[in-house]
Amino acid sequence: MHPRFNHVAISVPAELLDEGGRSKLLAFYGDVFGWDEMPTLTKDRELFVLRCWSNEQFLYLSAAKDPLRCPSMDHFGLSVATPVELDEMLERTRKWQQRDAQVEIIERALEDYGFLRLHNFYLRYHLPLMIEVQCFE
């Protein structure tokens with residue numbers, strides 16, 4: 001068996017990890033991706049860990065005086081099984097964007113390589129890194 005990624009760690013401003021910031025992050029990423037909080041790890045204004053479907057996959061957000069800043073297209077990727085699943089996530093993200101202008105979306109694209117078709121879109125909400133959702137067909 002090959003090693004696999006199990007987490008992404010990102011430094012963020014402490015105010016993003018206060019009760020209100022954590023609540024926004026949990027509501028958005030919970031609704032769009034089904035992620036939930038690992039509450040035993042939460043430390044107000046210091047640490048917030050979102051479980052990404054299992055205890056072995058998570059997003060680790062820690063407060064820093066000099067948090068991560070990066071170019072607009074820096075990202076990490078998630079892979080879904082079908083174009084339908086990708087479209088459902090995109091639709092949930094669009095609904096959030098209608099309520100909150102801080103939701104950023106780079107709309108769905110299709111790259112056709114002949115032997116492989118790559119469907120994708122990008123999103124960002126309060127984090128320095130975007131997330132690319134992909135489906136390989």
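For this chain, numbers begin at 1 and follow the sequence in order. For clarity, every value in this text was computed on a predicted model and none was experimentally measured.
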Distance (rounded to the nearest 0.5 Å) between [X] [atom1] and [Y] [atom2]:
X: L59; Y: L127; atom1: CG; atom2: CG; value: 6.0 Å
X: E104; Y: Q97; atom1: CD; atom2: CD; value: 9.0 Å
X: E137; Y: L110; atom1: CD; atom2: CG; value: 7.5 Å
X: L25; Y: Y125; atom1: CG; atom2: OH; value: 7.0 Å
X: T93; Y: Q98; atom1: OG1; atom2: CD; value: 11.5 Å
X: E85; Y: C135; atom1: CD; atom2: SG; value: 8.0 Å

Partners of [X] by side chain to side chain contact (heavy atoms under 4.5 Å, CB included), sequence neighbours excluded?
X: L26; answer: E37, F48, L50
X: T40; answer: none
X: A27; answer: W96

In this structure, would [X] and [Y] fall into the same cluster of hydrophobic residues linked by side-chain contacts under 4.5 Å?
X: L68; Y: L123; value: yes
X: Y122; Y: F76; value: no
X: Y60; Y: I10; value: no
X: I105; Y: V133; value: yes

- Task: Begin from the C-alpha positions of F121 and L86 and carry the test side-chain contact (heavy atoms from CB on, under 4.5 Å) through to its verdict.
- Result: CA-CA 8 Å; F121 78 94; L86 183 134; 3.9 Å; yes
- Spell out, as yes or no, whether a donor-acceptor pair under 3.5 Å connects the side chain of R117 to the backbone of F136.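 Absent.
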- Message: Applying side-chain contact (heavy atoms from CB on, under 4.5 Å) to H7 and E56, what does each step give before you reach the verdict?
- Response: CA-CA 8 Å; H7 72 278; E56 293 184 20; over 6 Å; no
- Message: Between D44 and R22, is the salt bridge (charged side-chain N to carboxylate O under 4.0 Å, His left out) condition met? List the steps.
- Response: CA-CA 9 Å; D44 188 53; R22 293 189 318 268; 2.7 Å; yes
Do [X] and [Y] come close enough that some side-chain heavy atom pair is under 4.5 Å?
X: E111; Y: N120; answer: yes
X: R69; Y: P128; answer: no
X: P13; Y: K65; answer: no
X: P83; Y: E88; answer: no
X: L47; Y: L17; answer: no
X: H126; Y: L16; answer: yes
X: I131; Y: L129; answer: no
X: E132; Y: L78; answer: no

- Here the pair of heavy atoms bringing D18 nearest to G21 is OD1-N, 2.8 Å
- Qualifying residues under side chain to side chain donor-acceptor pair (under 3.5 Å), relative to R51, sequence neighbours excluded: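 Here the qualifying residues are D36, N55.
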- Message: Suppose we screen for side chain to side chain donor-acceptor pair (under 3.5 Å). Which residues come up paired with E107, at least two apart in sequence or across chains?
- Response: R94
- Query: Could you walk me through whether I106 and M73 pass the side-chain contact (heavy atoms from CB on, under 4.5 Å) check?
  - Reply: CA-CA 10 Å; I106 296 176; M73 284 303 297; 3.2 Å; yes
- Step by step, would you call E19 with R45 a salt bridge (charged side-chain N to carboxylate O under 4.0 Å, His left out)? CA-CA 8 Å; E19 186 176 350; R45 299 181 57 83; over 6 Å; no
- Task: List the steps, then state whether side-chain contact (heavy atoms from CB on, under 4.5 Å) holds for V103 with F28.
- Result: CA-CA 9 Å; V103 175; F28 177 79; 3.9 Å; yes
- Query: Do the side-chain N and O atoms of N6 and Q57 include a donor-acceptor pair separated by under 3.5 angstrom?
  - Reply: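 Q57 and N6 do not have a side-chain donor-acceptor pair below 3.5 Å.
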- Message: Applying ring pair (Phe, Tyr, Trp, His ring centres under 6.0 Å), can you list everything that pairs with W35, at least two apart in sequence or on another chain?
- Response: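 Listed in chain order: Y29, F33, W53.
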